K.L.:
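Quick one: the structure is below, and I'll ask about it shortly.
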Amino acid sequence: MAATSNTTLLEDLFDPQVVADVVDTKLVDYIRFAPLAKIDTTLVGRDGDEITLPSYSYVGDAEDVEEGADIPIAKLSQTTEKVKVSKIGKGIQFTDEALLSGNANDIAEEAATQIVTAINSSLENKLITAMSETSTLTSEIAIDDDGATGIATALQEFGEDIDGEKILVVPPVYYGRLLKSSGWIPNTEIGADIIVKGTVGMVYGCQIVLSNRLTSLNEAYIIKPNALAIYMKRNTLVEFDRDIVDQTNYIIGSKIFAPYVYDKSKLIKLTLATA
């Protein structure tokens with residue numbers, strides 16, 4: 001039977017654009033690495049499943065020039081890196097009975113929250129994979145080190161650019177080692193200078209953030225702001241569907257993006273020795 005103007009459809013209970021906007025708004029807050037990443041939307045609407053991103057080499061310091069002499073000219077050297085675009089998504093399923101016994105707005109809000117959590121988890125995992133695979137600055141923390149001493153040594157990889165804001169992302173098991181360090185500063189003493197939500201303390205100028213995603217990797221990362229980038233190719237798309245046979249409803253959310261280490265000079269990959 002064809003639907004009439006009086007037929008209540010799933011789209012009448014949930015506005016796809018409203019749910020999508022809720023997801024996108026919440027996602028920025030949920031992404032732990034957001035303060036450290038450049039979030040770029042210039043790729044939205046472009047075709048292709050790969051993007052080519054540029055990287056430039058330093059032309060060298062300025063040189064002394066005698067009066068009347070030519071200023072030395074350097075050629076700007078550019079390399080490029082292909083980054084695979086990822087599509088991630090999650091669906092929420094609920095029955096007619098759940099819809100009738102509950103509040104439609106509550107279900108939409110819960111669906112949006114669940115989709116945000118799912119997309120954010122996948123997005124951060126892909127960022128960690130990008131960091132693990134493309135980091136050029138590396139250091140190792142010995143098992144007999146008190147933790148903070150190893151961080152101080154690792155920071156030398158930044159060279160003269162050691163100053164500035166830095167986040168140290170570590171697995172929770174490493175937190176205990178840092179707590180015992182004489183250089184440990186609790187988060188209550190950092191105050192308004194906290195960069196990332198969930199910061200638990202600081203050592204040698206690095207604000208400490210814990211991540212369960214690093215637990216099985218024996219890795220940690222020192223990250224400066226703008227070291228990372230998230231190139232959005234399509235903002236969150238929310239769609240509704242219904243199976244008329246079992247009378248089950250679906251809210252599907254998906255996002256297409258490319259995770260990227262934007263500036264490798266602002267990222268140090270740490271290997272945590274286990275034995």
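Remember, it's a predicted structure, so these values are computed and weren't measured experimentally.
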K.L.:
Can you confirm whether V169 sits close enough to I223 that some side-chain heavy atom of one is under 4.5 Å from a side-chain heavy atom of the other?
P.N.:
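Of all side-chain heavy-atom pairs linking I223 with V169, at least one is under 4.5 Å.
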K.L.:
Quick one, I167 and C206 - any side-chain contact, counting heavy atoms below 4.5 Å?
P.N.:
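No. Closest side-chain heavy atoms not under 4.5 Å.
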K.L.:
Kindly indicate whether the side chain of L127, heavy atoms from C-beta on, has any atom under 4.5 Å from the side chain of F33.
P.N.:
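Yes. Closest side-chain heavy atoms under 4.5 Å.
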K.L.:
Flag yes if V203 and F158 sit in one hydrophobic cluster, no otherwise; membership is Ile, Leu, Val, Met, Phe, Trp, Tyr, and two members link when side-chain heavy atoms are under 4.5 Å apart.
P.N.:
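Cluster IDs for V203 and F158 match.
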K.L.:
Is it true that D163 and K224 make a salt bridge, defined as a side-chain N closer than 4.0 Å to a carboxylate O?
P.N.:
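K224 and D163: not salt-bridged.
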K.L.:
Is I88 reachable from L228 through a run of I, L, V, M, F, W or Y residues, each pair having side-chain heavy atoms under 4.5 Å apart?
P.N.:
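Yes.
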K.L.:
Distance check, rounded to the nearest 0.5 Å: Y231 atom OH versus S86 atom OG?
P.N.:
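It is 15.0 Å, given to the nearest 0.5 Å.
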K.L.:
For residues I141 and Y175: do they belong to one hydrophobic cluster (side chain heavy atoms under 4.5 Å, members Ile, Leu, Val, Met, Phe, Trp, Tyr)?
P.N.:
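Hydrophobic grouping puts I141 with Y175.
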K.L.:
Can you name the closest pair of heavy atoms from S265 and D263 and give their distance?
P.N.:
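Smallest interatomic distance, heavy atoms only, reads OG-OD1, 2.6 Å.
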K.L.:
Would L179 end up clustered with I190 when hydrophobic side chains under 4.5 Å apart are linked, directly or stepwise?
P.N.:
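Looking at the clustering, I190 is in a separate group from L179.
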K.L.:
If you apply the rule side chain to side chain contact (heavy atoms under 4.5 Å, CB included), what do you find for S121 with R213, and how did you get there?
P.N.:
CA-CA 9 Å; S121 180; R213 295 178 176 86; 3.3 Å; yes
K.L.:
Supply the atom-to-atom distance I128 CD1 to L217 CG, rounded to the nearest 0.5 angstrom.
P.N.:
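Output value for this atom pair is 7.0 Å.
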K.L.:
Look at the side chain of T199 and the backbone N and O of V196, then say whether any donor-acceptor pair between them is shorter than 3.5 Å.
P.N.:
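At least one qualifying donor-acceptor pair exists.
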K.L.:
Does the side chain of K269 reach to within under 4.5 Å of the side chain of L137, using non-hydrogen atoms?
P.N.:
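No, every pair of side-chain atoms sits at 4.5 Å or beyond.
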K.L.:
Between atom OG1 of T95 and atom CG of N249, what is the distance when rounded to the nearest 0.5 Å?
P.N.:
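T95 OG1 to N249 CG: 7.5 Å, rounded to 0.5 Å.
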K.L.:
Measure the spacing between CD of E124 and CE of M131 and express it to the nearest 0.5 Å.
P.N.:
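One finds 8.5 Å between CD of E124 and CE of M131.
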K.L.:
Hey, are the side chains of Y221 and V170 touching, using non-hydrogen atoms and a 4.5 Å cut-off?
P.N.:
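Y221 does not reach V170 side chain to side chain.
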K.L.:
Does Q207 form a side chain to side chain contact (heavy atoms under 4.5 Å, CB included) with I194? I'd like the steps, not just the answer.
P.N.:
CA-CA 7 Å; Q207 296 183 19; I194 287 178; 4.1 Å; yes
K.L.:
Is there a side chain to side chain contact (heavy atoms under 4.5 Å, CB included) between V209 and L168? Walk through the geometry before answering.
P.N.:
CA-CA 6 Å; V209 174; L168 171 58; over 6 Å; no
K.L.:
Working note: K38 + Y260, criterion side chain to side chain contact (heavy atoms under 4.5 Å, CB included); need CA distance, chi angles, decisive distance, verdict.
P.N.:
CA-CA 9 Å; K38 173 184 177 183; Y260 183 56; over 6 Å; no
K.L.:
Under a 4.5 Å cut-off applied to non-hydrogen side-chain atoms, are V116 and T113 in contact?
P.N.:
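No - every pair of side-chain heavy atoms lies 4.5 Å or more apart.
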K.L.:
If we only count heavy atoms from C-beta on, is the I222 to L267 side-chain gap below 4.5 Å?
P.N.:
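The answer is no, as the side chains (C-beta and beyond) never meet within the 4.5 Å cut-off.
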K.L.:
If you round to the nearest 0.5 Å, how far is NZ of K255 from CD1 of I119?
P.N.:
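Between atom CD1 of I119 and atom NZ of K255 there are 6.5 Å.
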K.L.:
Can you name the nearest heavy-atom pair linking A154 to I268, along with the distance?
P.N.:
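Heavy-atom minimum between the residues: O-CD1, 3.3 Å.
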K.L.:
Keeping T153 on the side-chain end and T149 on the backbone end, is there a donor-acceptor pair under 3.5 Å?
P.N.:
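The answer is yes, because a donor-acceptor pair under 3.5 Å joins these two groups.
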K.L.:
Okay, side chain of N218, backbone of L272: is any donor-acceptor separation there less than 3.5 Å?
P.N.:
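No.
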K.L.:
On a heavy-atom basis, which atom in A34 and which in I39 lie closest, and how many Å separate them?
P.N.:
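In this case the closest contact between A34 and I39 is CB-CD1, 4.4 Å.
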K.L.:
Once you round to the nearest 0.5 Å, how far does OG of S132 lie from CG of N125?
P.N.:
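Between atom OG of S132 and atom CG of N125 there are 12.0 Å.
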K.L.:
Taking all atoms of both residues into account, what is the closest heavy-atom pair of A148 and S181, and its distance?
P.N.:
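Taking every non-hydrogen atom into account, CB-OG, 2.8 Å.
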K.L.:
Quick one: do V173 and I208 end up in the same hydrophobic cluster if we chain Ile, Leu, Val, Met, Phe, Trp and Tyr together by side-chain heavy atoms under 4.5 Å apart?
P.N.:
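No; I208 is not reachable from V173 via cluster members.
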K.L.:
With side chains defined as the heavy atoms from C-beta onward, is the minimum distance between F94 and I251 less than 4.5 Å?
P.N.:
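They are in side-chain contact.
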K.L.:
Would K166 and D161 count as a salt bridge (Lys or Arg N to Asp or Glu O under 4.0 Å) if you check the C-alpha gap in whole Å, the side-chain angles of each, and the deciding distance to 0.1 Å?
P.N.:
CA-CA 11 Å; K166 297 174 286 289; D161 296 323; over 6 Å; no
K.L.:
Name the residue from L210, L214, N212 that meets the side-chain contact (heavy atoms from CB on, under 4.5 Å) definition with P171.
P.N.:
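Going through L210, L214, N212 one by one, the side-chain contact (heavy atoms from CB on, under 4.5 Å) with P171 is satisfied by L214 alone.
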K.L.:
Centroid-to-centroid, W184 to Y204, below 6.0 Å?
P.N.:
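For W184 and Y204, the ring centres are not under 6.0 Å apart.
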